[in-house]
Number of protein chains: 2
Amino acid sequence: MDLTARTAEQIGEALRRTRKARGWTQSDISARTNLRVATISSLENGDAGAKLATVLAVMAALGLEFRLVERGGSLEIEDIF
Amino acid sequence: MDLTARTAEQIGEALRRTRKARGWTQSDISARTNLRVATISSLENGDAGAKLATVLAVMAALGLEFRLVERGGSLEIEDIF
DNA sequence: CTACTTTTTACGCCATAGCGTAACAATCGA
DNA sequence: TCGATTGTTACGCTATGGCGTAAAAAGTAG
């Protein structure tokens, strides 16, 4: 499961996929973040207008963190050693 | 240079670091994104209220992309093969 | 110390995120 | 097939992001 994202749609997809992988509902995320289910829904559907705080809250609830990497940079040997 | 981020502050720092590494000014980013210099400044200083679109625009200008990874998950062997 | 560049902050304005609340639609299990 | 859970959409409301514009503050080279 590669969770690379350059767009709000890709971030939303990644969040939804992770949530499903955890077996959770949007309501579960809502409870853990104090965000409304509607907000989670909107975010998962790729709302680019969402606030960074909102994204970070959901990420935290899912136990995820961001890594900012060079575009297309798919695991080079220097990254390992 | 590890660009892992869980907070708006960390994202801002990562963006600023990358920009400096490219030898660019906020004004350069502004030109490439049509965002105001003030907006770039605010973002680099950790504005959690920033819009996702804003973050993504700056990321694109810097040639960066997001990777959503398990918290603390620092390169496990399964990620390589 | 002085000019120039870069970054930060301010003000008025408009657009919209996320809230409470609620209804509606879609998905799923028995 | 149907009841129930889950997800999407809507309305009015308040708060605030990012805009244009501008000025002040901080950093840098000479």
Side-chain angles (χ1 to χ4, degrees), chain A residues 1-68 70-71, chain B residues 1-68 70-71:
Chain A
M1 199 196 316
D2 190 25
L3 302 179
T4 298
R6 299 180 180 189
T7 67
E9 284 76 20
Q10 292 170 338
I11 288 180
E13 256 311 305
L15 295 179
R16 172 167 282 156
R17 241 204 282 279
T18 305
R19 175 175 61 80
K20 297 263 187 186
R22 303 263 191 282
W24 294 347
T25 66
Q26 293 183 340
S27 182
D28 290 326
I29 304 293
S30 174
R32 288 172 168 78
T33 58
N34 290 319
L35 291 169
R36 288 160 59 250
V37 171
T39 302
I40 316 287
S41 172
S42 174
L43 179 59
E44 288 188 353
N45 283 315
D47 176 21
K51 291 183 189 173
L52 183 52
T54 303
V55 180
L56 291 170
V58 174
M59 296 270 297
L62 290 169
L64 294 177
E65 68 188 9
F66 277 128
R67 206 144 296 177
L68 286 71
E70 215 77 35
R71 282 200 178 210
Chain B
M1 200 197 317
D2 190 24
L3 301 179
T4 298
R6 299 179 181 191
T7 68
E9 284 76 21
Q10 292 170 337
I11 288 180
E13 257 310 305
L15 294 179
R16 172 166 282 155
R17 244 204 284 278
T18 303
R19 176 175 62 78
K20 298 261 187 188
R22 303 262 191 283
W24 294 347
T25 65
Q26 292 183 343
S27 181
D28 290 327
I29 305 292
S30 173
R32 288 172 168 79
T33 58
N34 290 320
L35 291 168
R36 288 163 53 246
V37 171
T39 302
I40 316 288
S41 172
S42 174
L43 179 60
E44 288 188 353
N45 284 314
D47 175 22
K51 291 182 189 173
L52 183 53
T54 303
V55 181
L56 291 170
V58 174
M59 296 269 297
L62 290 170
L64 294 177
E65 68 188 9
F66 276 129
R67 205 145 296 177
L68 287 72
E70 215 77 34
R71 282 201 178 208

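No hydrogens, no waters, no symmetry mates; every other heavy atom, side chains included, goes into these values. All of these numbers come straight from a predicted model, not from anything done at the bench. Convention: sequence-line order gives letters A, B, ...; per-chain numbering from 1.
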Under 4.0 Å between any heavy atoms, over every strand shown, what does B:N34 touch: base, sugar-phosphate, or nothing? Just pick one.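 The residue B:N34 makes sugar-phosphate contact but no base contact.
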If you look at every strand shown and take non-hydrogen atoms under 4.0 Å, does B:L35 touch a base, only sugar-phosphate, or nothing?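 Sugar-phosphate contact only - B:L35 comes under 4.0 Å of backbone atoms but never of a base.
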Take atom CD of B:E44 and atom C1' of D:dG27, then tell me their distance rounded to the nearest Å.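 Between C1' of D:dG27 and CD of B:E44: 15 Å.
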Output one letter per nucleotide in nucleotides 9-16 of chain D: B when a protein non-hydrogen atom lies under 4.0 Å from the base, S when only the sugar-phosphate is that close, - when neither is. BB------
Where B:S27 and B:V37 come nearest, the two heavy atoms and their spacing: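 Heavy-atom minimum between the residues: CA-CG2, 3.9 Å.
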If an axis is fit to five pairs at each end of the helix from C:dC1-D:dG30 to C:dA30-D:dT1, what is the angle between the two, to the nearest 10°?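 Answer for the end axes of this duplex: 70°.
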Rounded to the nearest 0.5 Å, how far does [atom2] of [Y] lie from [atom1] of [X]?
X     : Y     : atom1 : atom2 : answer
A:D47 : A:S42 : CG    : OG    : 3.5 Å
B:L52 : A:L56 : CG    : CG    : 9.5 Å
B:F66 : A:T7  : CZ    : OG1   : 11.5 Å

Going by side-chain contact (heavy atoms from CB on, under 4.5 Å), name the residues that satisfy it together with [X], two or more places apart in sequence or in a different chain.
X     : result
B:T54 : B:L35, B:T39, B:L43, B:K51
A:E13 : A:R16, A:R17
A:R22 : A:T18, A:W24, A:L62, A:L64, B:E70

Return each pair, listed once, that meets salt bridge (charged side-chain N to carboxylate O under 4.0 Å, His left out) where at least one residue sits in residues 3-12 of chain B; pairs must be two or more places apart or across chains.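 Those involving residues 3-12 of chain B are A:E65-B:R6.
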Per the salt bridge (charged side-chain N to carboxylate O under 4.0 Å, His left out) rule, what does the pair list look like for residues 26-43 of chain B, sequence neighbours excluded?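 Pairs touching residues 26-43 of chain B that pass the test: none.
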5' to 3' on DNA chain C, which nucleotides open and close the contacts with chain B (atom under 4.0 Å from a heavy atom)?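 Boundary nucleotides touching chain B, in 5' to 3' order, are C:dT6 to C:dA10.
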Quick one: ring-ring contact (aromatic ring centres under 6.0 Å, His included) pairs with a partner in residues 30-55 of chain A, sequence neighbours left out?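 Passing the test, one end in residues 30-55 of chain A: no pairs.
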Kindly state each residue pair satisfying ring-ring contact (aromatic ring centres under 6.0 Å, His included) with at least one member in residues 36-57 of chain B, sequence neighbours excluded.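 As it turns out, there is no ring-ring contact (aromatic ring centres under 6.0 Å, His included) pair with a partner in residues 36-57 of chain B once direct neighbours are skipped.
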Just wondering, do B:L68 and A:L15 contact through their side chains at under 4.5 Å, heavy atoms?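 Yes, their side chains come closer than 4.5 Å.
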Not counting sequence neighbours, which residues clear side chain to side chain donor-acceptor pair (under 3.5 Å) with A:T4? List them please.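 For A:T4, the residues satisfying side chain to side chain donor-acceptor pair (under 3.5 Å) (neighbours in sequence not counted) are A:D2, B:R67.
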Pairs: protein N or O with nucleotides 2-6 of chain D N or O, under 3.5 Å:
none

